[in-house]
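Please read the structure below before turning to the comments.
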Amino acid sequence: MKRHEMREQIFRMLFGVEFHTEDISEPLENYIEISLDEPASDEEKEEMRRMVLGISEKRAELDSMIDSVAEGWKTARMGRAELNILRLALYEMLYDSDRVPVKVAINEAVELAKEYGADDAHAFVNGILARLIDRLPRETEKEKD
């Protein structure tokens, strides 16, 4: 499975579990085992689990960062598709930047927004993520940790 296709599946999982306020483990497992568009290896399934659970765990932090730059469009008012695309991209920018360059995370988010978001969602997603770049830890700060 290509990385873009995996991102698309992760986005769909995030969107699906958005409506589960309790433990998301069961709906997540159901999606992974039943609803994937194409077969995935055990490693790919594990990566998808890791990402969805990580994003869910960091949701409050991610939403706070998004809120801090979204003028007039706080997360409570955003479309669920756009919000989950933003969460996925921001998570990659913060926690997977050693594997996913920031520019790739943004480009992939814009592509997902074109496919799944409202008509102008790609511009909205791009604008929010561009504002968030300045708030990312610098490489030198990451190396100290």
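Between the side chain of Asp67 and the backbone N or O of Lys74 there is no donor-acceptor pair closer than 3.5 Å. A distance-only check finds a donor-acceptor pair linking the side chain of Ser56 to the backbone of Val52 [under 3.5 Å]. With hydrogens and angles ignored, the 3.5 Å screen pairs a side-chain donor or acceptor of Arg77 with a backbone N or O of Gly72. With hydrogens and angles ignored, the 3.5 Å screen pairs no side-chain donor or acceptor of Arg99 with any backbone N or O of Ser97.
Evaluation of the salt bridge (Lys or Arg N to Asp or Glu O under 4.0 Å) test over residues 6-16, restricted to residues two or more places apart or in two chains, returns Arg7-Glu92, Arg7-Glu108, Glu8-Arg12, Arg12-Asp37.
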Next on the checklist: Pair Ile133, Ile106 - check side chain to side chain contact (heavy atoms under 4.5 Å, CB included), show working.
Outcome noted: CA-CA 10 Å; Ile133 288 174; Ile106 293 172; 3.4 Å; yes
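Within the model, atoms CG of Leu88 and CZ of Phe15 stand 14.0 Å from one another, a figure rounded to the nearest 0.5 Å. To the nearest 0.5 angstrom, Glu57 atom CD is 7.0 Å from Tyr91 atom OH. Atom CZ in Arg50 sits 9.0 Å away from atom CD1 in Ile55 (nearest 0.5 Å). Between atom CD of residue Glu115 and atom CD1 of residue Ile85 there is a gap of 9.0 Å, rounded to the nearest 0.5 Å. Taking OH of Tyr31 as the start and CD1 of Ile10 as the end, the distance is 10.5 Å to the nearest 0.5 Å. A distance of 10.0 Å separates CE in Met13 from CG in Leu53, rounded to the nearest 0.5 Å.
At least one side-chain heavy atom of Leu94 sits less than 4.5 Å from a side-chain heavy atom of Leu90. Looking at Val104 and Arg3, their side chains never come closer than 4.5 Å, going by heavy atoms from C-beta outward. A heavy-atom distance below 4.5 Å is not found between the side chains of Leu86 and Thr75.
Among all heavy-atom pairs drawn from Val17 and Leu28, the shortest one is CG1-N, 4.3 Å. The nearest pair of heavy atoms linking Leu62 to Arg87 is CD1-O, 3.8 Å. Of all non-hydrogen atoms in Met1 and Pro39, the two that sit nearest each other are CE-O, 3.9 Å.
Look at Glu5 and Lys2 and you find no salt bridge, because none of the NZ, NE, NH1 or NH2 atoms lies under 4.0 Å from a carboxylate O. With respect to the salt-bridge test (charged N to carboxylate O, under 4.0 angstrom), the residues Asp63 and Lys58 do not qualify. For Glu18 and Arg59, the salt-bridge test passes: some basic side-chain N is under 4.0 Å from an acidic carboxylate O.
The closest side-chain donor-acceptor pair between Tyr116 and Glu82, if any, does not fall under 3.5 angstrom.
Other residues, nucleotides and ligands place no more than 12 heavy atoms under 6.0 Å from the CD atom of Glu43. More than 12 non-hydrogen atoms from other residues, nucleotides or ligands lie less than 6.0 angstrom from CD of Glu29.
Applying side chain to side chain contact (heavy atoms under 4.5 Å, CB included) to Glu47 and the options Arg49, Met51, Glu44, Lys45 leaves one that passes, Met51.
Hydrophobic clustering, with ILVMFWY side chains joined whenever heavy atoms are under 4.5 angstrom apart, keeps Val100 apart from Phe11.
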Give every donor-acceptor pair under 3.5 Å between a side-chain atom in residues 117-130 and any protein atom, sequence neighbours left out.
none

